[in-house]
Amino acid sequence: IYIEASKNSYVMYTSGSESYSPPPIASYDYDGVVASYNRQYMAPELHEEMTEKLQIAHIEPILRKHGEYIVYGTMIENGVNREKKMRFSYYDREKNIWLMTRTDITEIKEERKQKKLLQEALQSANAANRAKTDFLSRMSHDIRTPINGIRELVELGNRYDHDLEKQRECRKKIWET
């Protein structure tokens with residue numbers, strides 16, 4: 001959208017297909033059209049605030065100071081909420097002509113949300129894996145110690161194959177372990 005701020009007018013170009021490009025839309029009431037558009041395509045609780053943020057009187061001092069103004073909003077398209085990024089910058093600073101682009105960022109936000117969920121799932125899986133490894137390490141030690149004792153007693157009993165009393169004593173210690 002090309003906006004002549006001093007005249008409160010604009011010309012909007014929209015993208016079409018390769019074979020068809022819709023004609024530009026023009027108006028000499030930018031502020032009024034913005035208010036009407038926002039009432040139609042924004043949730044009622046948001047359209048007044050967004051209309052104020054998109055008015056020439058609000059944008060102009062920000063553009064003068066920073067050379068750029070970005071605002072995010074949610075528009076309703078075909079009954080579905082779509083996240084939009086609107087970026088204002090100077091097309092011609094001397095004539096106070098601005099360029100406003102509106103980009104649908106819904107998919108980008110969804111991708112970031114999915115990426116965050118995947119990162120959280122990965123962190124959770126890594127924590128579970130560390131807990132499992134720690135558990136198995138402790139259990140391995142807790143099991144190896146008595147098994148080693150049993151093996152020693154069996155070997156000791158085998159050394160005294162002719163002494164039944166010593167073998168009985170080893171079996172008793174194994175049983176009690």
(request) Would you please name every residue forming a salt bridge (charged side-chain N to carboxylate O under 4.0 Å, His left out) with Arg138, sequence neighbours left out? (result) Asp134

(request) With sequence neighbours left out, write down each residue that passes side-chain hydrogen bond (donor to acceptor under 3.5 Å, both in side chains) with Tyr69, or none if nothing qualifies. (result) His58

(request) Could you tell me which residues satisfy side-chain contact (heavy atoms from CB on, under 4.5 Å) with Glu83, sequence neighbours excluded, listed by chain and number? (result) Thr74, Ile105, Thr106, Lys109

(message) Holding to side-chain contact (heavy atoms from CB on, under 4.5 Å), I want the full list of residues that pass it with Asn158, two or more places apart in sequence or in another chain.
(response) Val154

(message) Contact between Met86 and Met100 at the side-chain level, heavy atoms closer than 4.5 Å - yes or no?
(response) yes

(request) Report yes if some heavy atom in the side chain of Lys172 is under 4.5 Å from a heavy atom in the side chain of Glu169; otherwise report no. (result) no

(request) Kindly check if the number of other-residue, nucleotide or ligand heavy atoms within 6.0 Å of CZ (Arg112) is above 12? (result) no

(request) Answer yes or no: is there a donor N or O on one side and an acceptor on the other, between the side chain of Asp92 and the main chain of Glu94, under 3.5 Å? (result) yes

(message) Between Arg87 and Glu68 (salt bridge meaning N to carboxylate O under 4.0 Å), is one present in this structure?
(response) yes

(request) Decide yes or no for Leu54 and Val71: does some side-chain heavy atom of the first lie under 4.5 Å from some side-chain heavy atom of the second? (result) yes

(request) Taking the side chain as every heavy atom from C-beta outward, state whether Glu60 and Asn96 have any atom pair closer than 4.5 Å. (result) yes

(request) Using side-chain hydrogen bond (donor to acceptor under 3.5 Å, both in side chains) as the criterion, list what pairs up with Glu49, not counting sequence neighbours. (result) Lys53

(message) Going by ring pair (Phe, Tyr, Trp, His ring centres under 6.0 Å), name the residues that satisfy it together with Tyr91, two or more places apart in sequence or in a different chain.
(response) Tyr2

(request) Tell me, please, which residues at least two apart from Asp29 pass side-chain hydrogen bond (donor to acceptor under 3.5 Å, both in side chains). (result) Asn8

(request) Just jot down the ring pair (Phe, Tyr, Trp, His ring centres under 6.0 Å) partners of Tyr72, sequence neighbours excluded, or say none. (result) none

(request) Calculate, to the nearest 0.5 Å, the distance between atoms NZ and OG1 belonging to Lys85 and Thr103 respectively. (result) 6.5 Å

(message) Measuring only between side-chain heavy atoms, which start at C-beta, is Ile3 closer than 4.5 Å to Ile97?
(response) no

Could you list the donor-acceptor pairs under 3.5 angstrom formed between side-chain atoms of residues 38-45 and any protein atom two or more places apart in sequence or on another chain?
from, atom 1, to, atom 2, distance (Å)
Asn38, ND2, Thr51, OG1, 3.1

(request) Name all residues meeting the side-chain contact (heavy atoms from CB on, under 4.5 Å) criterion together with Leu117; count only those two or more places apart in sequence or in a different chain, and write none if there are none. (result) Gln114, Glu120

(request) List for me each residue that meets side-chain hydrogen bond (donor to acceptor under 3.5 Å, both in side chains) alongside Glu77, sequence neighbours excluded, and say none if there are none. (result) Lys84

(request) State which residues pass side-chain contact (heavy atoms from CB on, under 4.5 Å) with Glu52; sequence neighbours excluded, sorted by chain then number. (result) none

(request) Keeping the roles fixed (side chain from Ser137, backbone from Thr133), state whether a donor-acceptor pair exists under 3.5 Å. (result) no

(message) If I take atom CG from residue Leu63 and atom CD1 from residue Ile56, how far apart are they, to the nearest 0.5 angstrom?
(response) 10.5 Å

(request) Would you indicate whether the side-chain heavy atoms of Tyr10 and Ser27 approach each other to under 4.5 Å? (result) yes

